[in-house]
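Shown below is the structure under consideration.
Side-chain atoms are counted along with the backbone in the values below, which use heavy atoms only and exclude waters and symmetry mates.
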Amino acid sequence: MRFTFAGAEYEGREGETLAAALVRHGILGGFRSVERGRPRGVYSAHEEEPNALVQVGAEPMLRATLVELRDGLVAEPLAGKGRLVAAPAPRCESMHAHCEVLVVGGGASGRAAAAAARGRVILLEQGRCAPLDGVLVLDRTVALGLYERDWVLAVERGRRLWKIRARRVVLATGAIERPPLFPGNDAPGVMLASAYEAYGRPAGATPVSGGFSPRVHLWSQAGGRLRWDERIGAPVPDGELPGVECVGRVTGAGLPDAPPFALPEGDEDEVFVDLERDVTLADLRRAVGAGLRSLEHLKRYTTIGTGSDQGKTANVNAIRAAAELLGVHPGELGTTTFRPPYVPVSFVVVAGRERGPLFDPVRTTPMHPWHVAHGAVFEDVGQWRRPRFYPRDGEDMEAAVLRECAAAREHVAIQDVSTLGKIDVQGPDALEFLNRIYTNAYDSLEVGRCRYGVMCTADGMMLDDGVVMRVGERRYVCTTTTGNAARVLDWMEEWRQTEWPELRVWLTSVTEQWAVAAVVGPDARELLAPLTRVPLDAGSFPFMAIREGEVAGIPARVCRVSFSGELAFEVWVDGRRGLELWEALASAGDATPYGTEAMHVLRAEKAYPIVGQETDGTVTPHDLGMEWVISKTKRDFVGKRSLARPDTSRADRKQLVALLPVNPDALLREGSQIVAAPNERASQGHVTSSYRSAALGRTFALALVAAGRSRYGEVVYAVPPRGEPVPAEIVEAVVYDKEGSRRDGRPAA
Amino acid sequence: MTGVRLREVALPATVTVRGEPPVAANATGPVDGGLAVWLGPDEWLVLGATEADYAHADAVVDVSASRVCFELAGADAAAVLARGCSLDLDALVPGRCAQTLLARVDVLLLRPEETTWRVLVRPSYAGYVRAWLEDALREVE
Amino acid sequence: MLRIPCPWCGDRDEVEFAYGGEADLAYPGDPAALTDEEWAAYLFFRDNPKGLLRERWVHAHGCRRWFELERDTVTHAIHVRGR
Amino acid sequence: MTEPHPRFLWRNPEPKSRYEVVIVGGGGHGLATAYYLAKEHGITDVAVLERSYLAGGNITRNTTIIRSNYLWDESAAIYEHALRLWEGLEEELDYDLLFSQRGVLNLAHTLQDVRDGVRRVCANRLNGIDAEWLEPAEVAEVCPVLNVSPDVRYPVLGATFQPRGGIARHEHVAWGYARAADALGVDLVQGCEVTGIELAAGRAVAVETTRGRIAAGRIGLVAAGHSSVLAAMAGLRLPVQSHPLQALVSELYDQVLDTVVMSNAVHVYVSQAHKGELVLGAGIDAYLSYAQRGSFHVIERQLQAALELFPIFARARVLRTWAGTVDVCPDASPIVGPTPVEGLFVNCGWGTGGFKATPASGFAFAWTLAHGEPHELNRPFSLERFATGALIDEHGAAAVAH
């Protein structure tokens with residue numbers, strides 16, 4: 001086969017590494033160092049290589065000693081720095097595995113340990129490795145890290161990440177040869193004796209050896225202690241680590257005695273301690289002269305050990321040299337920390353398959369196919385994808401939303417509200433539980449009725465809101481906001497299980513059990529009447545009442561709740577029939593489907609807050625003007641005590657108000673800050689919501705403004721991110737139908 | 001490698017029941033006409049029952065529409081799941097069940113037979129889970 | 001990746017759990033009777049020990065049960081499995 | 001090759017038996033405090049006691065992002081003061097800090113992210129901070145390698161941008177302060193662990209250390225991660241919890257990213273340092289820990305997020321991962337000021353954002369130690385706020401570690 005290196009073409013052999021081929025062709029140099037641009041050549045035969053770095057196509061910083069030749073391979077030498085290029089990412093994946101014994105290292109002692117082990121056994125080997133009976137042998141697989149003593153991360157053939165949970169981990173990781181320190185120890189042709197042998201004693205090459213350093217990386221990562229071994233002149237594993245054992249050369253056993261170590265004569269700026277980082281003995285001496293005593297300081301001053309080889313051939317020499325310079329024993333210096341990964345691993349391998357469409361789930365409701373088919377524009381709400389609006393031919397968002405709002409206020413409109421969180425609360429103590437969790441009281445709530453509720457965090461800030469329906473003597477269903485459904489159920493469970501275990505109450509998520517459609521507008525009855533036998537007139541079906549029956553032939557629970565101020569019915573059906581219900585509603589009469597944007601406008605006209613938009617974790621129900629939802633009679637509820645703290649009861653807290661721009665066509669930018677005068681710089685609050693109102697025929701906004709409720713009529717200025725402050729008048733938060741006259745729809749004719 | 005078959009399986013009427021479970025922790029078992037699946041020390045699922053069947057339990061909730069079921073069948077089915085599930089699947093023998101994570105999603109894992117696995121998920125996640133499983137299948141085929 | 005012992009489901013990977021912080025912080029019997037400082041002590045102030053810690057976890061992606069255990073915040077070793 | 005560091009950094013003195021001020025913790029904030037005590041207040045009878053080696057904690061374990069675009073006035077004031085000090089620090093300390101004002105982007109991925117981002121930009125501008133709101137096309141101009149396609153799971157809907165934000169080289173900063181403090185006569189004592197705090201009549205009068213008792217006029221605790229441990233020696237509890245915060249660095253590559261990019265929603269933040277390595281961080285690990293190591297799944301999720309934003313990073317390689325121990329306050333804001341124990345002062349709870357604040361933290365804490373009461377900058381960041389409820393909630397501005 002043929003391959004290209006630095007522009008010249010060479011013949012290569014099957015199974016040969018790029019480094020081996022270069023050396024065989026007599027190329028003992030061919031590389032340059034990162035800082036000083038000194039000529040360098042292949043130095044080792046394995047992953048510790050400090051010099052021979054190449055770029056192969058889009059792959060940067062490959063070690064020539066690990067690159068397996070293939071026909072047509074084109075490699076360019078790199079001076080310690082690679083190139084990132086835009087190219088399609090390779091497909092990578094990850095895999096979980098469990099075993100009784102995991103052996104790292106396929107050498108003689110590793111294979112022996114694996115062969116002797118019982119149960120499920122996995123053997124990892126960096127290079128190629130023969131199979132072993134009853135053992136899962138993963139070759140060309142490098143162990144990157146040992147976490148918490150029983151969890152090993154490994155990468156197989158550069159594309160599969162293994163996450164292996166092992167009862168026992170056996171480290172048979174062997175040792176790395178290190179160079180001796182002498183002037184010119186970085187010259188092309190100088191190579192480690194082990195590499196010299198591996199490459200068949202190439203002509204012109206000079207074998208050198210400064211002894212061997214055990215691969216103690218995984219042991220140390222897992223918290224194993226190290227001890228300086230005089231004989232081999234390197235740190236070795238020391239003491240015990242539950243579930244982890246070292247065998248073979250990593251323990252120091254079987255390694256040759258290290259040659260005696262002394263600081264070399266001659267030009268210390270020619271003696272390389274770290275070849276990849278281009279650091280010399282002179283640099284190290286300078287660091288000591290600067291007053292540095294700890295190995296970590298010397299490392300940072302000189303950058304020894306920070307190269308892509310992580311100092312595999314440099315660190316031990318650095319310890320020995322530093323000890324000489326400081327006149328201490330190497331053992332006193334310890335080592336720098338060993339941090340995963342043992343060899344560099346590409347981002348895409350770690351990321352695996354959970355990228356692009358699999359990066360994070362998109363949650364959709366049973367009605368979703370209809371929304372897609374009808375051209376909805378969607379909005380991400382948490383993981384949910386909800387219709388934001390349904391543009392008709394040529395409509396932009398503004399036009400579509402004005403039309404959808406007008407339909408809800410003047411005729412009838414429908415919204416898919418299936419994403420509401422829903423929690424079934426059952427048990428003899430259900431009422432007591434709700435009274436403790438919500439700020440308001442439920443004692444007077446009758447079966448078949450529902451009530452708006454608010455809950456606070458323990459420090460009194462608005463957590464969520466929703467509707468509590470009493471559907472039985474000891475059974476309630478609570479709704480939550482879309483984004484908070486999981487959080488609220490977890491919150492309730494935490495209090496139930498950890499603080500109030502004596503309460504006989506049980507919680508079940510029914511969020512996806514029910515699909516829900518909101519039918520909104522003065523003609524809501526006209527739309528529903530043909531589809532149901534449930535009496536809909538205000539007398540027999542009052543506001544905040546619940547009825548059971550059928551809608552469009554589907555068993556349904558119908559609730560008269562309104563998030564718009566208009567006459568509205570929520571129709572709840574079995575989730576599997578949600579689409580059927582929706583299609584029936586959409587084709588009955590001429591209901592206008594509307595999305596989250598119109599819903600936001602409609603609720604804002606009535607000053608109904610959106611948790612997370614009007615609130616940000618610093619807003620109390622009082623700030624929102626909701627004193628009426630805070631029980632005065634209950635002894636306690638979650639958050640009650642915090643509402644009595646000096647700061648949470650200040651009169652000048654930011655309060656929810658509406659803003660009417662002086663220019664009725666000016667739309668305030670959501671997020672704009674409020675100031676008292678155009679040139680003022682002291683913030684008095686911010687705009688939380690801002691819309692064009694079809695009902696008002698003008699723009700309006702909701703804002704949190706310092707002492708806002710005492711400042712009606714005052715003109716303040718909304719400062720946008722760009723452009724001039726916009727004057728707007730502070731008014732009462734409810735800007736539409738203050739008296740609530742539209743709630744029951746048109747008076748019966 | 002032998003192929004793995006992926007299909008969606010319809011679930012019968014299902015309820016969540018509260019009280020003393022009729023099955024041991026993380027186990028399944030037959031209960032008059034249905035299959036009981038352990039969910040917690042005071043909570044279990046019955047596949048094949050209605051609220052009326054458990055009127056005397058501490059609590060019972062119809063959750064028939066709250067889960068969909070994917071079935072993986074074939075010798076390498078476990079190898080597909082192992083790509084996104086950190087459980088020791090060898091220990092999850094037929095008759096056991098587990099609530100855990102598959103990729104980014106909460107799942108209820110059942111193993112009706114040695115080489116047949118059932119993955120129950122909330123319907124809103126079905127699209128993601130199906131896409132994830134189909135993508136994982138590419139790795140074992 | 002910590003291995004957390006759920007009393008009901010056995011050892012599971014940390015990703016299946018949510019953390020609940022220090023255990024033994026009982027909700028005050030009568031919050032209204034507390035000074036602001038005493039209430040703040042309950043809400044915010046913690047031992048945050050270096051070493052053994054009794055803490056709360058919930059098997060959020062499993063059986064959804066809360067439980068306590070004792071863990072060393074330096075070694076991450078779990079000494080006491082609880083219910 | 002040019003030398004990145006001076007030929008001399010600091011003496012290694014033996015500790016005296018008494019100092020006017022003892023600072024516990026030889027990290028960035030402690031060293032900066034010592035420097036400003038000596039320079040601004042002429043107090044040079046100061047010891048910085050470090051149990052291990054100088055600047056071995058969070059100061060050299062963070063991702064060195066510098067910015068001041070916090071939401072609330074109190075935070076904006078102290079972080080902007082820090083940024084102004086950063087802008088003159090290389091000259092002041094006569095040290096090459098590799099301070100690079102390359103701009104910091106904070107991406108919005110949802111409509112609420114956009115509202116929150118615009119809100120913060122508007123607040124910043126009122127506070128004289130150079131914040132801008134960028135639409136997606138403008139984001140792409142600032143950062144061409146960022147994927148702003150609308151077809152991704154969480155598309156970029158806009159971003160806040162602070163041009164004066166950037167990065168610096170962490171150990172240069174710490175060593176710069178250390179060298180300057182040493183030159184002004186401050187004793188930097190390494191390998192000196194505080195094992196106790198001696199109280200007399202309710203006042204802190206000395207510290208017990210592994211190198212003997214050291215009396216002090218005033219004691220400042222500046223030991224991020226270990227604040228609770230030290231406070232407990234004086235019988236104090238703090239509203240902080242110690243969590244691991246992980247980061248990672250890649251091999252060296254030619255420059256592809258010349259600004260800092262943060263994303264709260266997908267939890268990743270990244271810059272490319274001067275030598276060419278990519279530096280990435282994410283959120284804290286959920287559990288309490290002093291182990292200076294975190295869990296791998298956090299790194300895994302962080303890289304999945306990074307590749308959603310930067311497809312060109314696919315073949316970049318993780319060279320090294322590590323963790324620091326950060327102490328986190330309930331409102332994601334620090335505690336800097338006096339304690340109920342007379343003579344004992346605390347500077348902690350910077351959580352994930354302490355690096356950028358180093359100069360102002362040292363400046364304000366030095367003032368506090370010199371005068372025995374808080375400076376205007378740190379007065380709002382008191383322990384009392386947890387009782388009154390006057391929290392300074394910066395979770396929005398500090399939602400990811402940085």
For D:F310, is it the side chain, the backbone, both or neither that has a heavy atom under 4.5 Å from a heavy atom of chain A?
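Neither part.
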Chain A contact via D:D254 - which portion, at a heavy-atom distance below 4.5 Å:
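Its backbone and side chain both get close to chain A.
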Picking from A:S672, A:G352, A:A682, A:P646, which has the most non-hydrogen pairs under 4.5 angstrom with chain D?
A:P646
Heavy-atom distance under 4.5 Å to chain A: side chain of D:L9, backbone, both or neither?
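Both the backbone and the side chain of D:L9 come within 4.5 Å of chain A.
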Side chain, backbone, both or neither: which part of D:R385 has a non-hydrogen atom closer than 4.5 Å to chain A?
neither
Under 4.5 Å heavy-atom distance to chain A, tell me which part of D:S250 shows up: side chain, backbone, both or neither.
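For D:S250, side-chain heavy atoms alone lie under 4.5 Å from chain A.
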So which of A:R355, A:E680, A:R650 has the largest heavy-atom pair count under 4.5 angstrom toward chain D?
A:R355
When heavy-atom pairs shorter than 4.5 Å are enumerated against chain D, which of A:Q613, A:K163, A:E670, A:R293 gives the highest number?
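Greatest number of close heavy-atom pairs with chain D: A:Q613.
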Classify the angle between the aromatic ring planes of D:W175 and A:H297 as parallel (below 30°), tilted (30 to 60°) or perpendicular (above 60°).
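Taking A:H297 first and then D:W175, their aromatic rings stand perpendicular (interplane angle over 60°).
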Between A:E614 and D:R115, does at least one N-O distance fall below 4.0 Å, as a salt bridge requires?
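Result for this pair is no, no salt bridge flagged.
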Which atoms of D:L319 approach chain A - backbone, side chain, both or neither, heavy atom under 4.5 Å
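D:L319 touches chain A through backbone and side-chain heavy atoms alike.
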Carboxylate-amine/guanidinium proximity below 4.0 Å for D:R301 and A:D360
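Yes, this pair counts.
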For chain D, which of A:P357, A:A58, A:P344, A:G617 has the most heavy-atom pairs under 4.5 Å?
A:P344
Any salt bridge linking D:E138 with A:R722? Criterion: basic side-chain nitrogen under 4.0 Å from a carboxylate oxygen.
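A salt bridge is present here (some side-chain N lies under 4.0 Å from a carboxylate O).
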Given heavy-atom pairs under 4.5 angstrom as the criterion, report whether the side chain, backbone, both or neither of D:L391 touches chain A.
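Interface part for D:L391: side chain.
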Pick one of side chain, backbone, both or neither for D:V121, based on which atoms fall under 4.5 Å of a heavy atom in chain A.
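Interface part for D:V121: side chain.
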Looking at A:G612, A:G289, A:S683, which makes the most heavy-atom pairs under 4.5 Å with chain D?
A:G612
Is D:A131 in contact with chain A via its backbone, its side chain, both, or neither, using a 4.5 Å heavy-atom distance?
neither
Please look at D:P6 and chain A and tell me whether the side chain, the backbone, both or neither of the residue comes under 4.5 angstrom of a heavy atom of that chain.
backbone
Looking at A:G80, A:S308, A:A89, which has the largest count of heavy-atom pairs under 4.5 Å with chain D?
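Most heavy-atom pairs under 4.5 Å with chain D: A:S308.
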